[in-house]
Peer 1: 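Have a look at this one before I ask anything.
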Amino acid sequence: MAEITVTFEDGAAERLPAGITAAEAMRRHAGRDGGRARLERAVAARVEADGSTVVDLTRPLLRDCRVAPVAVETPEGLEVIRHSTAHLMAQAVKRLFPETQITIGPVIENGFYYDFKRPGGFASEDLPRIEETMRAIVAEDLPVRREEVARGEAVRRFREMGEHYKVEIIEGIPDDVVSLYHQGEFVDLCRGPHVPSTGRIPAFRLTSLAGAYWRGDARNEQLQRIYGTAWASEQDLEAYLKRLEEAKQRDHRRLGQVLDLYSLHPIAPGSPFFHAKGAVVYNTLVQYIRSLYARYGYTEVITPLIYKTELWKTSGHYDAFHDDMFLMTIEDEEYGVKPMNCPGHCYLFATRKHSYRDLPVRYADFSRLHRFEPSGTLAGLVRVRSMAQDDAHIYCAPEQLDGELERFVAMTREVYAAFGFDRVEVTLQTRPEKFLGRLELWEAAEAALRRALERAGYAVTVLEGQGAFYGPKIGFDFRDVLERSWTLATVQIDCAMPERFGLRYVTAEGTEATPVMLHRAVLGSLERFIAILLEHTAGRLPLWLAPVQVRVLPVSEKAAAYATRVADACRAAGLRAEADLRNEKLGYKVREAQVEKVPAVAVVGEREAAAGTVAPRTEGAAQPAVPLDAFVAATVAEACVPGGEP
RNA sequence: GCCGAUGUAGCUCAGGGGUAGAGCAGCUGACUUGUAAUCAGCAGGUCGUCGGUUCGACUCCGACCAUCGGCUCCA
């Protein structure tokens with residue numbers, strides 16, 4: 001029999017019969033070096049020949065290669081068990097509900113899902129039953145077997161089983177041979193790799209039930225998706241579930257209530273009411289951005305909230321989005337509440353004749369916008385129907401475009417640095433199927449965005465076809481506590497509106513030209529930004545943004561007068577300060593100030609009143625007393641808006 | 001919009017076909033307080049809304065509304 005050379009992790013090489021399985025090869029070698037324990041923890045094998053691939057432990061080795069075990073707790077190992085758990089779940093579902101058709105079941109971050117079509121559907125009470133059956137199948141420790149068959153044969157078998165979605169998938173595969181995985185009575189189309197037997201799946205939990213569309217298209221049949229999570233051990237599973245629980249403590253919807261920042265009411269779904277404290281955060285953010293506008297050369301404008309719909313017919317928004325707008329008919333004329341500022345700014349630009357010397361024109365606008373977002377998509381402050389952006393539109397000459405993009409990236413960087421946001425994910429979203437404007441403009445615009453990102457040195461994910469209908473865009477995305485991704489900053493080059501609105505400027509040569517138009521926002525929507533900021537800081541807003549910056553706590557009524565004087569002194573210095581004069585013990589007031597995350601707490605008793613000092617409590621701990629003036633000066637220093645006037 | 005779940009006092013939650021419960025918050029009083037909850041009393045509800053079943057519904061059924069987790073969408 002032919003032999004091959006197999007090299008192991010320790011560098012040793014052995015001549016072994018071709019066709020030996022990866023597991024057997026490692027087992028023979030381990031017998032000599034004592035690595036059996038590691039082998040028992042392996043769920044797959046890494047084989048390196050031409051490239052490096054993770055394969056089944058039962059995969060036969062046919063050529064010279066290096067082979068190493070893949071431990072269950074490694075990223076590759078977790079991927080294997082998660083995929084195997086998806087199969088396990090599908091098998092359990094088929095046992096309990098044989099009328100169900102299986103579709104696809106991929107691995108996702110921290111877990112997996114599987115999409116099913118079941119007449120009558122699943123209810124969440126089904127999940128515990130499915131889990132129970134899964135545990136039974138683990139106890140059966142069914143061997144998992146890979147089989148390669150001709151595509152036609154695979155189609156025939158799945159058709160016989162009544163698995164029509166699988167048939168459709170296989171028919172779309174270009175290869176002549178496909179691989180199937182068997183475990184007991186269950187068989188699924190799959191590339192693998194998988195654990196060698198169902199008993200090797202250590203810990204899992206089914207987490208939720210959701211709707212999903214076949215092939216991700218809303219025009220297709222609605223399937224049901226069951227989500228689960230799987231880990232290398234019960235302890236890891238518990239730790240993961242605990243992390244999820246802890247993340248909920250930082251959820252902006254909880255913090256928004258505890259901190260009395262905003263609320264939502266069914267009378268205006270998706271439209272937050274900002275309470276007095278939330279309004280301070282909102283307005284301070286606007287003030288911060290305004291201070292940067294002075295430096296970055298923007299001029300602020302105020303434009304109408306309601307327009308005749310002709311405006312969006314010109315811009316193209318009406319065709320694409322009129323179902324998603326708040327529309328009304330007044331005196332037989334249709335009007336709409338603006339969902340974005342751009343068309344209004346185009347009218348503004350056209351109110352006078354522009355010279356190349358005026359450009360770039362940068363119109364900033366903090367107007368409220370109203371979008372009729374679908375009911376099922378609303379979420380706290382991150383997806384709303386009523387919002388305001390730190391929006392601006394830039395009109396420039398083509399040769400100014402690169403400079404404007406660079407200026408935008410610089411401003412974005414400055415703002416994110418001020419908030420300590422470092423987990424940004426940058427995407428470039430290109431021309432969608434339905435688009436307006438000339439193709440050559442689109443190509444030039446996409447090239448300009450690519451250049452800007454390259455110069456900025458961002459690692460970029462390209463999302464083909466995800467751009468706006470009027471132009472390609474860059475998105476700066478951040479994760480919320482549930483790891484969902486949301487766009488904050490964006491910059492978009494408009495390939496349609498300048499021409500549709502007939503915008504012109506006079507060039508140096510005295511001819512007329514169409515300006516380049518940019519849409520951009522740095523914070524994005526203020527609502528969404530506040531949500532991400534709250535979650536990022538766990539509610540401990542920086543002092544300059546905190547609704548209450550200083551709270552003065554008298555130890556007893558005897559210090560009430562002095563506490564009032566201290567609070568007045570803080571307010572005179574421009575701080576948002578208040579004295580807590582309620583008839584409560586100090587410990588009670590301290591606790592409340594902590595819970596409300598007031599950044600600067602000053603305790604005053606008879607000693608402080610006599611000495612003209614305060615005893616600060618910062619970062620959750622009592623500090624030695626300092627003179628009142630020094631406390632005020634230090635707090636004022638911390639209250640400076642970042643990057644603002646010195 | 002679609003699938004699944006949830007909705008009881010301002011908040012967090014218990015309860016269950018036969019007159020609605022707790023803790024915190026609120027109000028009143030006592031205590032005069034030294035760094036994460038002092039004590040007592042009082043008040044607070046169309047049990048999301050509308051309809052149905054029933055002698056009787058907060059509880060069972062249906063529709064709707066809102067919220068939550070996904071899917072689709074996201075100018």
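Below, chain A is the first sequence line, B the second, and so on; all start at residue 1. Only heavy atoms go into these numbers, but all of them, side chains included; no hydrogens, no water, no symmetry mates.
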Peer 1: Can a donor-acceptor pair under 3.5 Å be found between the side-chain atoms of R383(A) and the base atoms of C74(B)?
Peer 2: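 A donor-acceptor contact between them is present.
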Peer 1: Mind checking who C71(B) pairs with, Watson-Crick or G-U wobble, both distances under 3.5 Å?
Peer 2: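 Across all strands, the one nucleotide that pairs with C71(B) is G1(B).
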Peer 1: Name the nucleic acid region contacted by P269(A), choosing base, sugar-phosphate or nothing; use a 4.0 angstrom heavy-atom cut-off, strictly under.
Peer 2: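 It contacts sugar-phosphate atoms only.
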Peer 1: Across the strands shown, which category fits A622(A) at heavy-atom distances under 4.0 angstrom: base, sugar-phosphate, nothing?
Peer 2: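 Base: the residue A622(A), judged by heavy atoms under 4.0 Å, touches a nucleobase.
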Peer 1: Identify, between Q224(A) and E608(A), the residue whose nearest nucleotide on RNA chain B lies closer to the 5' end.
Peer 2: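 The answer here is Q224(A).
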Peer 1: Looking across every strand, which nucleic acid part, if any, lies under 4.0 Å from T377(A) by heavy atom: base, sugar-phosphate, or nothing?
Peer 2: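 It contacts base atoms.
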Peer 1: Looking at every strand, decide which applies to Y588(A) at a 4.0 Å heavy-atom threshold: base, sugar-phosphate, or nothing.
Peer 2: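 Since only primed, P, OP1 and OP2 atoms lie under 4.0 Å of Y588(A), the category is sugar-phosphate.
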Peer 1: When the distance from CG of D480(A) to P of G69(B) is rounded to whole Å, what number comes out?
Peer 2: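 Those two atoms, CG and P, are 8 Å apart.
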Peer 1: Using purine N1 to pyrimidine N3 plus N6-O4 or O6-N4 for Watson-Crick, or N1-O2 and O6-N3 for G-U wobble, each under 3.5 Å, what pairs with U6(B)?
Peer 2: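 For U6(B), the partner nucleotide comes out as A66(B), under the 3.5 Å rule.
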Peer 1: For A621(A), which contact category applies under a 4.0 Å heavy-atom criterion: base, sugar-phosphate, or nothing?
Peer 2: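 No contact.
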Peer 1: Are F478(A) and H536(A) close enough that their ring centres sit under 6.0 Å apart?
Peer 2: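 Ring centres of H536(A) and F478(A) not closer than 6.0 Å.
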Peer 1: Does C60(B) have a Watson-Crick or wobble mate here (both distances under 3.5 Å), and if so which one?
Peer 2: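 Checking every strand shown, C60(B) finds its partner in G52(B), with both distances under 3.5 Å.
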Peer 1: Could you list by number each residue of residues 237-264 of chain A showing a heavy-atom separation from RNA chain B of less than 4.0 Å, or answer none if no residue does?
Peer 2: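 Nucleic-acid contacts, sorted: R253(A), Q257(A).
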Peer 1: So, is the end of the R431(A) side chain (NZ or CZ) under 6.0 Å from the ring centre of F435(A) and within 45° of the ring's axis?
Peer 2: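 Flagged: R431(A) positioned over aromatic ring of F435(A).
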Peer 1: With RNA chain B as reference, determine whether R607(A) or F122(A) sits nearer its 5' end, using the nearest nucleotide of each.
Peer 2: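 Per heavy-atom nearest nucleotide, the more 5' residue is F122(A).
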Peer 1: Walk me through whether F204(A) and W231(A) qualify under ring pair (Phe, Tyr, Trp, His ring centres under 6.0 Å).
Peer 2: CA-CA 6 Å; F204(A) 59 85; W231(A) 294 86; over 10 Å; no
Peer 1: Please give, in whole Å, the distance from C24(B) P to R582(A) CZ?
Peer 2: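 Distance, rounded to whole Å: 15 Å.
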Peer 1: Kindly state whether the ring of F349(A) and the ring of Y347(A) have centres lying under 6.0 angstrom apart.
Peer 2: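 That pair fails the under 6.0 Å test.
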Peer 1: With a 4.0 Å cut-off, would you call E425(A) and R479(A) a salt bridge?
Peer 2: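 Yes, E425(A) and R479(A) are salt-bridged.
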Peer 1: Measure the distance from CG on D323(A) to P on C74(B) and round it to the nearest whole Å.
Peer 2: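 About 13 Å, once rounded to whole Å.
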Peer 1: Pick base, sugar-phosphate or nothing for G587(A), based on heavy-atom distances below 4.0 Å to the nucleic acid.
Peer 2: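 The residue G587(A) makes sugar-phosphate contact but no base contact.
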Peer 1: Now, which nucleotide makes the Watson-Crick or G-U wobble pair with G17(B), with each of the two distances under 3.5 Å?
Peer 2: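 Across all strands, not a single nucleotide pairs with G17(B).
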Peer 1: Need one value for L378(A): base, sugar-phosphate or nothing, where a base atom within 4.0 Å counts as base even if backbone is also close, heavy atoms only.
Peer 2: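 Sugar-phosphate: the residue L378(A), judged by heavy atoms under 4.0 Å, touches backbone atoms but no base.
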Peer 1: Less than 4.0 angstrom from a charged side-chain N to a carboxylate O is my criterion; do E246(A) and R243(A) meet it?
Peer 2: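 No, E246(A) and R243(A) are not salt-bridged.
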Peer 1: Quick test of your reading of the model: are R423(A) and E483(A) salt-bridged, counting only N-O distances below 4.0 Å?
Peer 2: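 Between E483(A) and R423(A) there is a salt bridge, with a charged N closer than 4.0 Å to a carboxylate O.
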